[in-house]
Amino acid sequence: MSIDMGQKIRQLRLQKEWKQKDLADRLGVKESTVSLYENYMRIPPYEILIKLCYIFGLSADYFLGIDLDNKIRTPLQDLSESQVRAVLTIIDEFRLSNMDR
């Protein structure tokens, strides 16, 4: 039996000993949004799913239940949390600039 996405997010967050606010800050969402994800009331959009993959060093397949043991090595895996946040911020800025075109 597979674990659904909300429970996976909660388990990963707790393994890092983070509060919902800690994860929310890393994802750029409100604490209440993380609660909605974890309590199966909202499915994270693909932008958040991508951030979850980088933050936890897992593939989207893991979160989607395609392959529960599918861990990937990301280019950001060896970076510190602050460095990962900086890279994700730059990516968001590129996306915003592309929307202005």
Side-chain angles (χ1 to χ4, degrees):
M1 180 177 195
S2 68
I3 302 170
D4 88 359
M5 189 181 305
Q7 189 172 352
K8 290 174 187 176
I9 294 169
R10 176 179 284 133
Q11 285 179 346
L12 291 165
R13 176 180 60 78
L14 293 174
Q15 284 174 4
K16 292 200 173 269
E17 299 180 359
W18 290 343
K19 297 183 183 301
Q20 286 181 338
K21 174 136 179 43
D22 298 322
L23 180 56
D25 290 345
R26 287 167 174 82
L27 292 173
V29 298
K30 295 180 181 180
E31 181 179 350
S32 60
T33 302
V34 172
S35 178
L36 290 171
Y37 298 155
E38 291 184 356
N39 290 297
Y40 322 116
M41 299 183 77
R42 182 179 295 171
I43 297 171
Y46 77 95
E47 297 93 347
I48 297 298
L49 178 59
I50 291 168
K51 289 181 180 182
L52 287 166
C53 293
Y54 282 117
I55 288 168
F56 293 113
L58 296 166
S59 72
D61 290 352
Y62 171 79
F63 289 101
L64 298 171
I66 295 170
D67 179 6
L68 294 178
D69 295 323
N70 185 19
K71 292 187 177 182
I72 61 167
R73 179 151 181 82
T74 67
L76 304 180
Q77 193 164 348
D78 294 326
L79 300 179
S80 70
E81 289 178 29
S82 62
Q83 292 169 326
V84 169
R85 282 194 302 271
V87 169
L88 292 174
T89 299
I90 292 168
I91 291 169
D92 287 341
E93 289 175 11
F94 280 128
R95 283 194 185 117
L96 288 174
S97 70
N98 286 343
M99 292 172 67
D100 292 338
R101 292 182 184 180

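Everything quoted here is computed from the prediction, not taken from an experiment.
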Using a 4.5 Å cut-off on heavy atoms from C-beta on, say whether the side chain of [Y] contacts that of [X].
X     : Y     : value
Leu12 : Leu58 : yes
Val29 : Pro44 : no
Gln15 : Phe56 : no

Output the distance between atom [atom1] ([X]) and atom [atom2] ([Y]), rounded to the nearest 0.5 Å.
X     : Y     : atom1 : atom2 : result
Asn39 : Gln7  : CG    : CD    : 11.0 Å
Arg10 : Ser35 : CZ    : OG    : 7.5 Å
Ile9  : Leu27 : CD1   : CG    : 8.0 Å
Ser97 : Asp92 : OG    : CG    : 11.0 Å
Tyr37 : Leu23 : OH    : CG    : 9.5 Å
Arg42 : Ser32 : CZ    : OG    : 7.5 Å

Problem - Sidechain-backbone polar pair: Asp4 side chain, Gly6 backbone, donor-acceptor under 3.5 Å - result: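 Looks like yes, one N/O pair under 3.5 Å.
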Practice task
May I ask you to decide if Asp22's main-chain N or O and Arg26's side chain share a donor-acceptor pair within less than 3.5 Å?
Solution key: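 Yes, because the side chain of Arg26 sits within donor-acceptor range (under 3.5 Å) of the backbone of Asp22.
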Minimum heavy-atom separation for [X] and [Y], please, with both atom names.
X     : Y     : result
Ser59 : Cys53 : C-SG, 3.6 Å
Lys8  : Phe63 : NZ-O, 3.8 Å
Leu88 : Lys51 : CD1-CG, 4.1 Å

Practice task
Tell me, yes or no, whether the heavy-atom count around Ile43 atom CD1, taken from other residues, nucleotides or ligands under 6.0 Å, exceeds 12.
Solution key: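 Atom CD1 in Ile43 is not packed in, count stays at 12 or less.
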Problem - Pair Arg13 + Glu38, salt bridge at N-O below 4.0 Å - result: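 A salt bridge is present here (some side-chain N lies under 4.0 Å from a carboxylate O).
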Should [X] and [Y] be counted in the same cluster of Ile, Leu, Val, Met, Phe, Trp and Tyr side chains packed under 4.5 Å apart?
X     : Y     : result
Met5  : Leu14 : no
Tyr46 : Tyr54 : yes
Tyr40 : Val34 : no

